[in-house]
Amino acid sequence: MSVIECDFPGSSVLSPEVCRAYFHDSYRATLRVPEQSVVAIFFALFAHRPRWMSVLLIVRNALAKLCGLEAPNVSEIMRPAVKSQYRVGEKIGPWPVFFIAENELVVGRDNKHLDFRLSVLKVKKGDMTDVIVSTICTVHNVFGRIYLFFIVPFHRFGVRALMANAVAARRL
């Protein structure tokens, strides 16, 4: 099982937004445990970051707050609260929930420079079930474009690494 870059899934609730997005990407991996909920998959991916990644996120968030942007605090990064269920508007890990259904969880954040959404989508493919992690960013100004110029390489590497680590650790 490996992680592969793929087309943005048409079955995602975010698919109508792709045409307006400044940036989007999607990565796919096959689930060993297809009965996992999208919330369990979210935590299997994002609650097991390498320490270096957590440190980079904390530094980035501190800089974002200095610029007047909304950003998660250290405890949301290091010790995300895990609940039995989530609703739209509540936070899961560091991000507010924008959409939740049996097969898809969408989280994100709106800020002055850009809005982003991250989708964790379960997709049935014959006898197999895959997870597709997709990101959409809509920029509002030049600062959003500059931010993405620097962040996108880290984002691409980071998402692939988180997914590959979850596959290798058999959490997916």
Side-chain angles (χ1 to χ4, degrees), residues 1-32 38-39 41-64 67 69-72 76-78 80 92-99 104-123 125 129-172:
M1 288 191 290
S2 62
V3 176
I4 58 168
E5 190 165 6
C6 62
D7 291 334
F8 199 92
S11 58
S12 171
V13 297
L14 295 177
S15 63
E17 305 300 318
V18 171
C19 63
R20 290 187 289 280
Y22 182 79
F23 168 80
H24 66 85
D25 64 355
S26 299
Y27 300 93
R28 174 188 294 262
T30 300
L31 293 173
R32 279 183 53 263
V38 290
V39 169
I41 294 167
F42 175 89
F43 282 110
L45 292 166
F46 297 104
H48 298 273
R49 285 183 303 276
R51 189 175 258 4
W52 64 265
M53 191 179 289
S54 295
V55 169
L56 284 177
L57 288 170
I58 290 166
V59 169
R60 183 204 62 191
N61 292 342
L63 293 172
C67 294
L69 302 174
E70 185 180 339
E76 290 172 324
I77 298 294
M78 298 303 291
I92 182 168
W95 301 305
V97 174
F98 282 83
F99 176 84
E104 187 171 21
L105 170 67
V106 175
V107 299
R109 190 170 308 279
D110 294 341
N111 248 313
K112 297 175 199 172
H113 65 312
L114 64 80
D115 299 340
F116 86 91
R117 299 292 182 270
L118 178 122
S119 164
V120 175
L121 176 69
K122 285 174 57 172
V123 177
K125 191 176 75 173
T129 303
D130 289 349
V131 60
I132 301 175
V133 177
S134 302
T135 306
I136 289 184
C137 295
T138 306
V139 298
H140 301 305
N141 53 43
V142 69
F143 299 111
R145 288 180 183 83
I146 292 168
Y147 175 81
L148 285 178
F149 176 80
F150 289 104
I151 292 300
V152 164
F154 293 102
H155 163 81
R156 289 183 188 275
F157 175 79
V159 172
R160 284 187 189 125
L162 290 172
M163 291 181 76
N165 288 345
V167 168
R170 305 173 73 93
R171 291 189 302 270
L172 294 179

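Just the heavy atoms: all of them, side chains too, but no hydrogens, waters or symmetry mates, feed the values below. Everything quoted here is computed from the prediction, not taken from an experiment. Numbering starts at 1 and runs along the sequence shown.
Counting all heavy atoms, side chain and backbone alike, Pro96 lies closest to Pro94 at CD-O, 4.2 Å. Among all heavy-atom pairs drawn from Thr30 and Asp130, the shortest one is OG1-OD1, 3.0 Å. Of all heavy-atom pairs spanning Ser134 and Phe8, the tightest one is CB-CE1, 3.4 Å. In terms of heavy-atom proximity, Pro153 sits nearest to Leu148 at CD-O, 4.4 Å.
Atom CH2 in Trp95 sits 5.5 Å away from atom CG in Leu118 (nearest 0.5 Å). Note that the CZ atom of Phe116 and the SG atom of Cys137 stand 7.5 Å from one another [nearest 0.5 Å]. Here the straight-line distance linking atom OH of Tyr147 with atom CG of Asn111 works out to 9.0 Å at 0.5 Å rounding.
Under the 4.5 Å side-chain criterion, counting only non-hydrogen atoms from C-beta, Tyr22 is not in contact with Leu114. Looking at Arg28 and Val131, their side chains never come closer than 4.5 Å, going by heavy atoms from C-beta outward. A heavy-atom distance below 4.5 Å is not found between the side chains of Thr135 and His24. The closest side-chain heavy-atom distance from Ile136 to Val18 is below 4.5 Å. Under the 4.5 Å side-chain criterion, counting only non-hydrogen atoms from C-beta, Leu105 is in contact with Val97.
Counting only distance, with no hydrogens or angles, the side chain of Ser15 and the backbone of Ser12 share a donor-acceptor pair below 3.5 Å. Of the possible donor and acceptor atoms, one in the side chain of Asn141 sits under 3.5 Å from a partner among the backbone N and O of Phe143.
The side chain to side chain contact (heavy atoms under 4.5 Å, CB included) search around Phe99 returns Val13, Ala101, Glu104, Val106, not counting sequence neighbours. The side chain to side chain contact (heavy atoms under 4.5 Å, CB included) test applied to Arg156 returns Glu5, Phe23, Asp25, Tyr27, Val152, Arg160, not counting sequence neighbours.
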- Let me see the working for Asp115 and His140 under side chain to side chain contact (heavy atoms under 4.5 Å, CB included), right down to the final yes or no. CA-CA 8 Å; Asp115 299 340; His140 301 305; 2.9 Å; yes
Side chain to side chain contact (heavy atoms under 4.5 Å, CB included) between Lys122 and Val38, intermediate numbers included: CA-CA 7 Å; Lys122 285 174 57 172; Val38 290; 3.9 Å; yes
request  = Apply the test salt bridge (charged side-chain N to carboxylate O under 4.0 Å, His left out) to residues Asp110 and Arg117: give CA-CA distance (whole Å), side-chain angles for both, the deciding distance (0.1 Å), then the verdict.
outcome  = CA-CA 9 Å; Asp110 294 341; Arg117 299 292 182 270; 2.8 Å; yes
Scan the side chains in residues 162-172 for donor-acceptor partners under 3.5 Å anywhere in the protein, sequence neighbours excluded, and list what turns up.
| residue | atom | partner | partner atom | Å |
| --- | --- | --- | --- | --- |
| Asn165 | ND2 | Ala161 | O | 3.3 |
| Arg171 | NE | Ala44 | O | 2.8 |
| Arg171 | NH2 | Ala44 | O | 3.3 |

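The one candidate from Ile132, Val133, Val159 that meets the side-chain contact (heavy atoms from CB on, under 4.5 Å) condition with Ser26 is Ile132.
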